[in-house]
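Just below is one structure, and these are the notes that go with it.
Keep in mind that the numbers below use all heavy atoms, side chains included, and drop hydrogens, waters and symmetry copies. Whatever order the structure lists ligands and atoms in, that order sets their numbers, starting from 1.
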Amino acid sequence: MPHRLSAIKADITTLDVDAIVNAANEALSGGGGVDGAIHRAAGPELLEECKTLGGCKTGAAKITKGYNLPARFVIHTVGPVWRGGTQGEDDLLASCYRASMALAVEHGARSIVFPAISTGVYGFPQDRAATIAVRTVADALTGIADMDRVIFCCFGAQSLELHRRALDMTLQAGR
Ligand code: AR6
């Protein structure tokens with residue numbers, strides 16, 4: 001079970017998997033960071049489809065096609081803005097990972113890649129976010145047989161280290 005989880009350092013737009021996850025905003029209007037990179041790589045049709053979806057609440061997820069990306073689907077989720085940790089940020093971040101996994105399974109995706117949601121512009125502390133990401137996905141995976149691979153796509157060496165550490169701790173805990 002734990003072997004389905006891994007962390008790599010990469011540009012998420014280059015990965016040939018069934019679904020990549022986008023750290024979007026509630027308007028699904030595109031933006032900077034990973035959102036901007038995904039829209040640039042997918043092409044303008046992605047924004048056209050996003051406009052038909054009626055936005056996305058924080059902690060929820062919506063799915064589109066991948067257009068010019070190698071990935072078949074883009075799952076757009078909206079992470080919480082960090083406001084000190086007392087505004088339900090942890091639960092909302094966990095909800096992003098759960099909702100994205102559920103949508104992927106619903107659409108028959110057997111491989112999914114996550115960026116480090118909320119840890120850029122939205123300011124969520126990176127170590128805390130990595131722990132929540134890995135724990136939430138590992139817990140969800142125990143109830144999902146139809147998923148082969150979940151990858152945490154880190155953009156920097158520090159992020160990779162944090163996710164590897166969180167994965168090691170999860171494996172040691174036998175989850
Ligand atoms: N591949 C993988 N990870 C990336 C890439 C990439 N190409 N580019 C950046 N990252 P952010 P957020 C990492 O700011 O904090 C947008 O404007 C980055 O290093 O993209 O959830 C949206 O429209 C960081 O670790 O997302 C929203 O308004 C992580 O992706 C807002 O930003 C997330 O950083 C969302 O903010």
Side-chain angles (χ1 to χ4, degrees), residues 5-44 46-51 53-64 66-85 87-101 103-104 111-134 136-137 149-167:
L5 287 171
S6 61
I8 60 169
K9 186 157 115 32
D11 172 353
I12 202 167
T13 63
T14 65
L15 301 177
D16 189 1
V17 288
D18 290 338
I20 63 170
V21 176
N22 182 19
N25 52 62
E26 286 195 335
L28 298 182
S29 56
V34 72
D35 195 5
I38 287 172
H39 276 275
R40 274 193 301 278
L46 179 61
L47 186 58
E48 289 311 309
E49 186 175 356
C50 282
K51 284 180 187 163
L53 299 177
C56 182
K57 291 208 167 76
T58 299
K62 299 264 176 101
I63 192 164
T64 66
Y67 299 99
N68 297 335
L69 290 162
R72 249 196 316 147
F73 299 109
V74 179
I75 294 173
H76 307 261
T77 189
V78 183
V81 175
W82 180 257
R83 294 194 171 89
Q87 309 295 309
E89 291 97 327
D90 290 355
D91 289 345
L92 287 166
L93 186 63
S95 173
C96 289
Y97 285 91
R98 275 194 297 269
S100 298
M101 295 277 292
L103 258 188
S111 52
I112 182 170
V113 184
F114 285 97
I117 299 162
S118 280
T119 64
V121 176
Y122 283 180
F124 206 108
Q126 280 193 58
D127 51 351
R128 186 162 168 152
T131 304
I132 291 168
V134 170
T136 304
V137 168
R149 251 178 342 138
V150 183
I151 301 168
F152 297 98
C153 177
C154 306
F155 210 44
Q158 193 196 353
S159 178
L160 180 64
E161 179 57 33
L162 290 170
H163 285 82
R164 291 224 161 122
R165 214 178 293 161
L167 281 168

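Taking all heavy atoms of V34, T77, I8, V21 into account, the minimum distance to atom 9 (C) of ligand 1 is reached by V34. Atom 29 (C) of ligand 1 has its nearest heavy-atom neighbour, among A116, A24, A23, in A116.
Using a 4.5 Å heavy-atom cutoff, the side chains of L103 and F73 are not in contact. With a 4.5 Å cut-off on side-chain heavy atoms, I8 and L15 count as touching. Using a 4.5 Å cut-off on side-chain heavy atoms (C-beta onward), R128 and W82 make contact.
Checked for salt-bridge contact, R164 and E161 miss the test: no charged N lies under 4.0 Å from a carboxylate O. The pair D127-R165 does not meet the salt-bridge criterion, since no charged nitrogen lies less than 4.0 angstrom from a carboxylate oxygen.
Ligand-side atoms of ligand 1 in range of T119: 15 (O), 24 (C), 25 (O), 29 (C), range being under 4.0 angstrom from any heavy atom. Remark: ligand 1 atoms within the under-4.0 Å shell around heavy atoms of F155 are 1 (N), 2 (C), 3 (N), 4 (C), 5 (C), 6 (C), 7 (N), 8 (N), 9 (C), 10 (N), 13 (C), 19 (O). Close approach of ligand 1 to D11 is summarised as follows: ligand atoms under 4.0 Å from at least one heavy atom of the residue are 1 (N), 6 (C), 7 (N). Annotation for ligand 1: atoms under 4.0 Å from non-hydrogen atoms of G32 are 16 (C), 17 (O). Close approach to D35 involves these atoms of ligand 1, each under 4.0 Å from a residue heavy atom: 22 (C), 23 (O).
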Next item on the list: Kindly determine whether E89 and S118 satisfy side chain to side chain contact (heavy atoms under 4.5 Å, CB included), including the steps that lead there.
Entry: CA-CA 10 Å; E89 291 97 327; S118 280; over 6 Å; no
Check: Yes or no on side chain to side chain contact (heavy atoms under 4.5 Å, CB included) for V150 and M101, after CA distance, side-chain angles and deciding distance?
Finding: CA-CA 9 Å; V150 183; M101 295 277 292; 4.1 Å; yes
Next item on the list: Step by step, work out the side chain to side chain contact (heavy atoms under 4.5 Å, CB included) result for I112 and V17.
Entry: CA-CA 6 Å; I112 182 170; V17 288; over 6 Å; no
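With a 4.0 Å heavy-atom cut-off, ligand 1 is reached by the backbone of A10 but not by any atom from C-beta on. If you look at A37 next to ligand 1, the close heavy atoms, those under 4.0 Å, all belong to the side chain.
Note that NE2 of H76 is 7.0 Å distant from CG of L53, once rounded to the nearest 0.5 Å. Atom CZ of F152 and atom CG of L5 lie 5.5 Å apart (nearest 0.5 Å). Expressed to the nearest 0.5 Å, how far OG1 of T136 lies from CG of D90 amounts to 9.0 Å.
Here the protein heavy atom with the shortest distance to atom 1 (N) of ligand 1 is I12 N, 3.0 Å. With hydrogens left out, the protein atom closest to atom 15 (O) of ligand 1 is G120 N, 2.8 Å, a heavy atom. The protein heavy atom nearest to atom 14 (O) of ligand 1 is V121 N, 2.9 Å. Nearest to atom 28 (O) of ligand 1 among the protein's heavy atoms is Y122 OH, 3.3 Å.
In this structure, G30 counts as a contact residue of ligand 1, since one of its heavy atoms falls inside 4.0 Å of the ligand. Taking a 4.0 Å cut-off on heavy atoms, S118 registers as neighbouring ligand 1.
Note: no N/O pair closer than 3.5 Å links C153 and ligand 1 by distance alone. Considering backbone and side-chain N/O of P115, none are found under 3.5 Å from N/O of ligand 1.
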